A.B. asks: 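Sharing a structure below in structure tokens format, with a few things to ask.
For reference, positions follow the sequence shown, starting with 1. Everything numeric in this text was worked out from a predicted model, so none of it was measured.
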Amino acid sequence: MSVMADFEQISADGGTLRFRGDLLLARLNGLPDRLDAVGGPVKRIDLSAVDRIDTVGAWLVHRFATKHNAQVAGLDDDSQQLFDQVVRAEQPVVTRATPPNSLTRLAAEVGAAVVTTGRTLFGLLGFLGATTIAFGNVIRHPSRFRFNATVQRFEVVGVSALGIIGLMSFLIGMVIAQQGAVQLRQFGAEVFTINLVGRLTLREMGVLMTAIMVAGRSGSAFAAQLGTMKLTEEIDAMRTIGVSPMEALVVPRTLAAILMMPLLGFYASVLALIGGGLLTWVTLGIPPVTFVQRLREVVPITDLYIGLIKAPVFGAIIAIAGCFQGMQVEGDAEQVGSRTTAAVVQAIFLVIVLDAFFAVFFTWVGWN
């Protein structure tokens, strides 16, 4: 059987279909109809006599070969590459699955958040244990203690933060005094503004605001520094030469935060009292001597003890959260930013949670 045309000859001979000429879009004419009219079994398609072929011609041959389950042969390298691309392009397109409804998506997001929170909490507990072991190793082997690195962390965590923490605490003391005076003036009890400023500052706000500032400054710095070292493989190099990253990097930072937080908290409380005393002097006419005498009468020493007890715990939480997130960095530089943000958020959240726990605990033991 043969079909003749002015540009090609198609013949089916012994189960082989041979094309000759140009299989181009401009010269196809009625080729699709003639291919549909070809009868008989076709096991092989011979394109060795085809001079040129384009995408449309390749697609017609591929469709015919698929219909008859025939094998295509005879193409040169360039034509074969074009034919293979046409075959791959005809693969069925994978469509996106129908998105779940809002309730299902919400449940999935809540579940993912719970799982992530649980894994993070588990990781923090494990990192806390590793840090404790590192402290124990340093205590057993004092020669491993890095004194210079710890002193440098003292400067970063404490000395460099004095300005911003002092200004913040001074303004917070003024705000507490101003708002307290406005409310207490309605009852003719402006003098109790001193009680409010003294107890709230020493017991809660001084150390809490200091912890938040240290988390934003030092906690983020710890995460960024360790994360960058992780990306540049400095931490892996330390392990290779036998230096423990926990002892060399985490212990100095954690120790600096634990030791500096009580000092910074006390410093912040004093600045807040000065700010509150200045505002009560200006707005209420209470002189500084009276302000100090009233503080000594109404503020128990236990309020100062409570602040000093909470401060090192907050410092440890901030340092561990920052170092933990820094050690989790992997992949690319984008991880450094996301882990730094996570370190600050986690540190502030844990500080506030622990502060609430301490408030209930000290009230329970009678330190009211």
A.B. asks: Can you find a heavy atom in the side chain of Thr302 that is under 4.5 Å from one in the side chain of Phe362?
C.D. replies: no
A.B. asks: Rounded to the nearest 0.5 Å, how far does CD1 of Ile317 lie from CG of Leu350?
C.D. replies: 5.5 Å
A.B. asks: Do the ring planes of Phe64 and His68 sit parallel (below 30°), tilted (30 to 60°) or perpendicular (above 60°)?
C.D. replies: tilted
A.B. asks: Report the distance from atom CE of Met209 to atom CE of Met168, rounding to the nearest 0.5 Å.
C.D. replies: 5.0 Å
A.B. asks: Once side chain to side chain donor-acceptor pair (under 3.5 Å) is applied, do any residues pair with Asp303, and if so which ones, sequence neighbours excluded?
C.D. replies: Arg199, Arg203
A.B. asks: Are more than 12 heavy atoms, taken from residues, nucleotides or ligands other than Phe266, located less than 6.0 Å from that residue's CZ atom?
C.D. replies: no
A.B. asks: Let me see the working for Asp22 and Val50 under side-chain contact (heavy atoms from CB on, under 4.5 Å), right down to the final yes or no.
C.D. replies: CA-CA 6 Å; Asp22 294 333; Val50 173; 5.8 Å; no
A.B. asks: Does one side chain, of Gln346 or Gln325, offer a donor that lies under 3.5 Å from an acceptor on the other?
C.D. replies: yes
A.B. asks: Does Arg63, at its CZ atom, have more than 12 non-hydrogen atoms belonging to other residues, nucleotides or ligands within less than 6.0 Å?
C.D. replies: yes
A.B. asks: For residues Gln80 and Asp84, is any side-chain donor paired with an opposing acceptor at under 3.5 Å?
C.D. replies: yes
A.B. asks: As a test of understanding, state which of Val351, Asp355, Leu208 forms a side chain to side chain contact (heavy atoms under 4.5 Å, CB included) with Lys310.
C.D. replies: Asp355
A.B. asks: Hey, are the side chains of Leu47 and Leu23 touching, using non-hydrogen atoms and a 4.5 Å cut-off?
C.D. replies: yes
A.B. asks: Determine which pairs satisfy side-chain hydrogen bond (donor to acceptor under 3.5 Å, both in side chains) with at least one residue from residues 260-280, sequence neighbours left out, and list them in order.
C.D. replies: none
A.B. asks: Looking at every heavy atom in both Val72 and Ala65, which two are closest together, and how far apart are they?
C.D. replies: CG2-CB, 3.7 Å
A.B. asks: Decide yes or no on side-chain contact (heavy atoms from CB on, under 4.5 Å) for Phe154 and Val159, but give the supporting numbers first.
C.D. replies: CA-CA 7 Å; Phe154 284 163; Val159 178; over 6 Å; no
A.B. asks: If you take all heavy atoms of Thr193 and Ala177, which pair is closest and at what distance?
C.D. replies: CG2-O, 3.5 Å
A.B. asks: Checking Asp236 now: which residues fulfil salt bridge (Lys or Arg N to Asp or Glu O under 4.0 Å) with it, not counting sequence neighbours?
C.D. replies: Arg239
A.B. asks: Could you pull out the closest heavy-atom pair between Ser218 and Val156, with the gap in Å?
C.D. replies: OG-O, 4.2 Å
A.B. asks: To the nearest 0.5 angstrom, please state how far the CG atom of Asp78 sits from the CD1 atom of Ile53.
C.D. replies: 12.0 Å
A.B. asks: What's the shortest heavy-atom distance between Ile165 and Ala268, and which atoms?
C.D. replies: CG2-CB, 3.9 Å
A.B. asks: Do the side chains of Met246 and Val251 get nearer than 4.5 Å, heavy atoms only?
C.D. replies: no
A.B. asks: Over 60° means perpendicular and under 30° means parallel, so tell me whether Trp364 and Phe361 are parallel, tilted or perpendicular.
C.D. replies: tilted
A.B. asks: Can you confirm whether Arg20 sits close enough to Asp51 that some side-chain heavy atom of one is under 4.5 Å from a side-chain heavy atom of the other?
C.D. replies: no
A.B. asks: Who passes side chain to side chain donor-acceptor pair (under 3.5 Å) against Arg44, sequence neighbours left out?
C.D. replies: none
A.B. asks: Test: ring pair (Phe, Tyr, Trp, His ring centres under 6.0 Å). Region: residues 308-340. Which pairs qualify, not counting sequence neighbours?
C.D. replies: Phe127-Phe324
A.B. asks: State the CZ-CZ distance between Arg153 and Arg146, to the nearest 0.5 angstrom.
C.D. replies: 12.5 Å
A.B. asks: Identify, with sequence neighbours excluded, every residue that meets side-chain contact (heavy atoms from CB on, under 4.5 Å) alongside Ala321.
C.D. replies: Ala347
A.B. asks: Does any non-hydrogen side-chain atom of Ile309 lie less than 4.5 Å from one of Trp367?
C.D. replies: yes
A.B. asks: Under 6.0 Å from the ring centre and within 45 degrees of the ring axis: does the NZ or CZ of Arg294 meet both conditions for the six-membered ring of Phe192?
C.D. replies: yes
A.B. asks: Taking CD in Gln186 as the centre, count heavy atoms belonging to other residues, nucleotides or ligands within less than 6.0 Å. Is the count above 12?
C.D. replies: yes
A.B. asks: When the ring planes of Phe83 and His62 are compared, do they come out parallel, tilted or perpendicular, using 30° and 60° as the limits?
C.D. replies: perpendicular
A.B. asks: Taking all non-hydrogen atoms of both residues, which atom of Ile348 and which atom of Ala215 are closest, and how far apart?
C.D. replies: CG1-CB, 4.0 Å
A.B. asks: Nearest heavy-atom pair of Gly326 and Lys230: which atoms, and what distance?
C.D. replies: O-CB, 4.3 Å
A.B. asks: Checking Val56 against Leu24 for the side-chain contact (heavy atoms from CB on, under 4.5 Å) test, could you report, in this order, the C-alpha distance in whole Å, the side-chain angles of both residues, the deciding distance, and whether it holds?
C.D. replies: CA-CA 7 Å; Val56 176; Leu24 302 177; over 6 Å; no
A.B. asks: Does Trp281, at its CH2 atom, have more than 12 non-hydrogen atoms belonging to other residues, nucleotides or ligands within less than 6.0 Å?
C.D. replies: no
A.B. asks: Is there side-chain contact between Gln335 and Gln328, with at least one heavy-atom pair below 4.5 Å?
C.D. replies: no
A.B. asks: Just verifying a value: how many Å separate Gln183 CD and Glu190 CD, rounded to the nearest 0.5 Å?
C.D. replies: 12.0 Å
A.B. asks: If you round to the nearest 0.5 Å, how far is CZ of Phe19 from CG of Leu17?
C.D. replies: 4.5 Å
